[in-house]
Amino acid sequence: MDLEVVGRHVLFFDDDANAAFVNSRDALVEWNSLFIDRYDVRHFLSAPPPPRNHCRHALCLI
């Protein structure tokens, strides 16, 4: 099996001020007392989901 990895040099921001804004808290929006990115899919939720039970053992069901 052959594996080929290809990469390209990409310059996301040519402007230092724009890059600083994107990396700052000012670029975030508030959602249920959290600050998230405006493209975060949690915007579609009306409230945070309830905590999940991470226990996978049969004894946790008791």
Side-chain angles (χ1 to χ4, degrees):
M1 174 172 62
D2 293 332
L3 178 65
E4 181 179 352
V5 178
V6 178
R8 303 205 190 295
H9 175 75
V10 177
L11 184 61
F12 286 110
F13 299 105
D14 194 22
D15 180 13
D16 290 339
N18 193 16
F21 171 73
V22 169
N23 289 324
S24 72
R25 186 176 177 148
D26 296 333
L28 302 176
V29 294
E30 187 174 359
W31 176 80
N32 290 316
S33 72
L34 295 174
F35 285 95
I36 61 175
D37 187 81
R38 62 183 172 169
Y39 299 112
D40 195 315
V41 297
R42 289 178 284 185
H43 279 287
F44 294 115
L45 300 175
S46 59
R52 297 187 314 183
N53 184 2
H54 294 286
C55 187
R56 295 182 179 172
H57 303 289
L59 295 176
C60 294
L61 300 175
I62 298 175

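Keep in mind that what you see is a predicted model, and the values were worked out from it rather than measured.
Within the model, atoms CZ of Arg42 and CG of Asp37 stand 9.5 Å from one another, a figure rounded to the nearest 0.5 Å.
Enclosure of atom CG in Asp14 is not indicated, since only 12 or fewer non-hydrogen atoms of other residues, nucleotides or ligands lie within 6.0 angstrom.
Heavy atoms only, all atoms of each residue included: Leu45 and Trp31 are closest at O-NE1, 3.4 Å.
Contact annotation: the side chain of Val29 approaches that of Ile36 to within less than 4.5 Å [non-hydrogen atoms, C-beta and beyond].
In this structure, Val22 is a member of the same hydrophobic cluster as Val10, with clusters built from ILVMFWY side-chain heavy atoms closer than 4.5 Å.
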